[in-house]
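Working notes, beginning with the structure itself.
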Protein chains: 2
Amino acid sequence: MTRDSKGPDPQRSLTLLWAGRARGRRGPRPQLSVERIAQAAIRIADTDGLDALSMQRIATELGYSTMSIYNHIPSKDLLLEVVADVGAGKPPELDSTGDFRHAVRQWVAALWAGFQTRPWLLRVPLGHSSMGPHQLAWLDRLLQPLLRAGLVGGEARAAALHLTAVVRGQAQISIALTSAPPADEGLSRGEAELAQLLATFINPRDYPALAAVQAAETAADLAEHERADREAFPGALSFGVDRFLDGVEAWVAAKSHRRDNG
Amino acid sequence: MTRDSKGPDPQRSLTLLWAGRARGRRGPRPQLSVERIAQAAIRIADTDGLDALSMQRIATELGYSTMSIYNHIPSKDLLLEVVADVGAGKPPELDSTGDFRHAVRQWVAALWAGFQTRPWLLRVPLGHSSMGPHQLAWLDRLLQPLLRAGLVGGEARAAALHLTAVVRGQAQISIALTSAPPADEGLSRGEAELAQLLATFINPRDYPALAAVQAAETAADLAEHERADREAFPGALSFGVDRFLDGVEAWVAAKSHRRDNG
DNA sequence: CTAAAACTGTGTATGCCATACGTTGAGGTG
DNA sequence: CACCTCAACGTATGGCATACACAGTTTTAG
């Protein structure tokens with residue numbers, strides 16, 4: 001480790017992510033470790049947000065000087081890669097019996113819940129962390145029901161990427177919209193008033209489809225909103241995932257039919 | 001405008017995003033404007049990346065002092081929201097004749113291309129920019145073919161969100177994996193060697209499905225890779241979008257059938 | 001018509017940040 | 001035992017966002 005050159009070096013990222021620290025080195029025994037540093041960083045981000053995450057903060061949290069951190073991690077960018085991987089945690093256990101759709105929905109719900117718990121994960125630039133051990137574990141878990149459904153290698157990989165991307169993207173958008181107003185000044189105008197303000201901008205001339213959708217929605221809106229709070233993930237996500245799984249199922253069926261007749 | 005309180009204030013975000021500067025104010029006529037500032041910021045991010053984007057840099061680029069910027073934009077976070085919206089640009093014109101799938105694919109390809117052109121857009125925290133005029137224009141454009149396909153309000157909105165999320169997420173992952181190695185030191189080991197290094201970590205014990213997929217892929221990999229470079233967007237994205245559209249089509253068909261028989 | 005008020009642009013200052021560099025001492029290795 | 005390597009530390013540097021006080025300009029109130 002020690003002093004090193006910078007720059008986006010995938011090799012370094014990978015070895016850092018996959019740890020496996022070699023023992024039997026010289027010098028004093030390290031008290032700090034990549035693991036401890038990452039844990040402290042996650043703790044800070046969980047409690048005070050990603051903006052509060054600084055090298056100095058980590059060091060004081062652990063009771064060491066700021067620069068000691070750099071003996072274990074060459075830069076903050078690399079640290080963030082590690083944090084993004086470790087912070088993802090372990091993937092859930094899925095029902096491997098029966099419907100592959102059920103398993104996939106379980107996986108989606110778990111990932112969604114993870115992003116709700118740690119919204120800051122969505123603000124960490126991915127870097128090479130998507131090749132970290134935890135990220136790959138999540139990917140592996142999702143691939144299993146997809147392969148079981150009848151997708152072949154490349155298709156399963158594409159479908160898994162699709163689902164990962166959907167949850168990531170939806171969570172990002174969802175969290176962006178749910179940033180709480182300051183609520184001081186006595187009257188904290190709710191989302192309703194905000195939506196109304198926005199509605200004044202959405203004139204049917206510039207946004208015909210949007211206006212149409214918005215007009216058609218005011219009716220059944222409330223009932224759906226209340227129901228959504230009780231679900232594992234919101235209706236918009238659910239609809240998309242279900243339609244995708246419909247398509248996957250049809251694709252597999254068509255493939256096997258092709259094989260039967262070929 | 002002038003001096004203002006901070007904090008995530010949706011109201012302020014929206015009024016800033018939707019501009020409409022009122023004239024007839026006191027004081028000297030402003031030479032700077034939110035528009036000019038945003039354009040300069042985009043220029044900087046395009047040429048030197050998001051990390052090079054600082055208030056000082058913007059100011060010197062425009063030939064003003066750093067603090068002048070704050071007379072027009074209360075904080076850098078708000079600036080980024082504006083930049084994220086303006087930087088998205090105008091949505092493409094879609095073929096409104098014929099197949100809705102074609103139009104959707106056009107839209108997806110355009111958004112994908114946008115993210116390739118401006119990768120830094122994916123690193124800007126969304127904030128409330130998703131309610132900016134440009135973002136809504138993109139959304140509106142996508143809603144049109146979806147409504148035409150036969151989805152009703154809520155479904156169309158969910159499907160549009162799904163597609164947006166997919167492209168965003170896939171682009172993020174894709175860009176994260178394509179960060180170039182420094183390529184100094186004579187031998188710039190390619191992605192191949194990197195993949196091989198990664199492969200040593202992926203043992204079938206911990207990652208059974210991944211290993212299976214990887215083993216099944218080495219064969220037809222090259223041909224597919226070469227073909228992917230000529231497409232508007234990569235095969236993984238295409239597969240997912242197509243399966244989703246299959247599901248949407250089936251859903252609409254089932255609905256109309258239900259109606260015919262109900 | 002005048003004076004106050006409001007606003008834009010400027011310069012300076014503060015405090016936080018990542019990180020380069022030099023030093024010290026610990027503890028394996030020859 | 002001598003040497004080498006490395007962990008932890010302190011200090012220093014340059015960049016950053018932004019608070020604050022000021023100067024000049026234009027609109028508006030009286």
Side-chain angles (χ1 to χ4, degrees), chain A residues 1-9 12 21-37 40-41 44-45 48-83 124-125 127, chain B residues 1-9 12 21-37 40-41 44-45 48-83 124-125 127:
Chain A
M1 203 62 49
T2 39
R3 239 66 82 163
D4 269 304
S5 68
K6 298 184 310 177
D9 184 343
R12 170 166 302 285
R21 312 296 297 113
R23 261 311 336 161
R25 311 163 70 90
R26 300 192 178 178
R29 304 194 190 86
Q31 316 172 251
L32 282 173
S33 69
V34 176
E35 184 69 16
R36 283 185 66 194
I37 294 171
I44 293 167
D48 291 344
L50 194 59
D51 292 332
L53 182 62
S54 73
M55 298 307 243
Q56 335 212 24
R57 179 74 186 276
I58 296 172
T60 43
E61 186 98 350
L62 291 168
Y64 291 86
S65 81
T66 305
M67 291 311 289
S68 323
I69 307 289
Y70 287 94
N71 284 323
H72 302 267
I73 289 178
S75 80
K76 191 181 181 182
D77 287 342
L78 268 300
L79 168 68
L80 285 178
E81 288 190 14
V82 174
V83 166
V124 177
Chain B
M1 201 66 44
T2 36
R3 239 66 82 167
D4 269 307
S5 67
K6 299 184 310 180
D9 183 343
R12 171 167 301 284
R21 311 297 296 111
R23 263 305 347 157
R25 311 164 68 88
R26 297 188 181 181
R29 304 193 187 85
Q31 316 173 253
L32 283 173
S33 68
V34 175
E35 184 70 13
R36 282 185 68 194
I37 293 171
I44 292 167
D48 291 344
L50 194 61
D51 293 331
L53 183 62
S54 73
M55 299 306 247
Q56 336 213 21
R57 178 75 187 275
I58 296 172
T60 43
E61 186 98 352
L62 290 168
Y64 290 86
S65 80
T66 305
M67 292 310 290
S68 327
I69 308 290
Y70 286 94
N71 283 326
H72 302 266
I73 290 178
S75 79
K76 192 182 182 184
D77 286 341
L78 269 300
L79 168 68
L80 285 179
E81 287 190 16
V82 174
V83 166
V124 178

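Numbers restart at 1 for each chain; the letters A, B, ... are given by sequence-line order, proteins then strands.
None of B:Val34, B:Ile58, B:Ile69 except one satisfies the side chain to side chain contact (heavy atoms under 4.5 Å, CB included) rule with B:Leu79; the exception is B:Ile58.
What you find for A:Leu32 and A:His72 is that their closest heavy atoms are O-CE1, 3.1 Å. Nearest heavy atom pair, residue B:Arg36 against residue B:Gln31, reads NH1-O, 3.0 Å.
Using a 4.0 Å heavy-atom criterion, one finds that B:Ser54 contacts the sugar-phosphate atoms exclusively. In this structure, B:Ser65 reaches the bases: a heavy-atom distance under 4.0 Å links it to at least one base atom across the strands shown. Residue A:Gln56 is classed as a base contact, given a heavy-atom separation below 4.0 Å to a base.
If you measure from atom CE of A:Met55 to atom P of D:dC9, you get 14 Å, rounded to the nearest angstrom. When rounded to the nearest whole Å, the span between CD1 of B:Ile73 and P of C:dT8 equals 13 Å. In this structure, B:Ile69 atom CD1 and D:dC16 atom P are separated by 13 Å, rounded to whole Å. As a whole-Å value, the separation of A:Tyr64 OH from D:dG10 P is 13 Å. Atom-to-atom, CE of B:Met67 to P of C:dC7 comes out at 17 Å; the value is rounded to the nearest Å. The CD1 atom of B:Ile58 sits 15 Å away from the C1' atom of D:dG15 (whole-angstrom rounding). Taking atom CG on B:Asn71 and atom P on C:dA6, their separation rounds to 16 Å, with Å as the unit. The distance from atom CG of B:Asp48 to atom P of D:dG15 is 15 Å, rounded to the nearest whole Å.
Scored by the side chain to side chain contact (heavy atoms under 4.5 Å, CB included) test, B:Asp77 finds B:Ser75 as partners (sequence neighbours excluded).
Residue A:Tyr70 places at least one side-chain N or O closer than 4.0 Å to OP1 or OP2 of C:dT19. Distances shorter than 4.0 Å separate some side-chain N or O of A:Arg29 from OP1 or OP2 on C:dG28. When the side-chain nitrogen and oxygen atoms of A:Ser68 are compared with OP1 and OP2 of D:dA7, none of them lie within a distance under 4.0 Å. For A:His72, a side-chain nitrogen or oxygen approaches OP1 or OP2 of D:dA8 to under 4.0 Å.
Closest to the side chain of B:Arg26, out of D:dT18, C:dA6, D:dC16, is C:dA6.
Using a 4.5 Å heavy-atom cutoff, the side chains of A:Leu50 and A:Leu53 are in contact.
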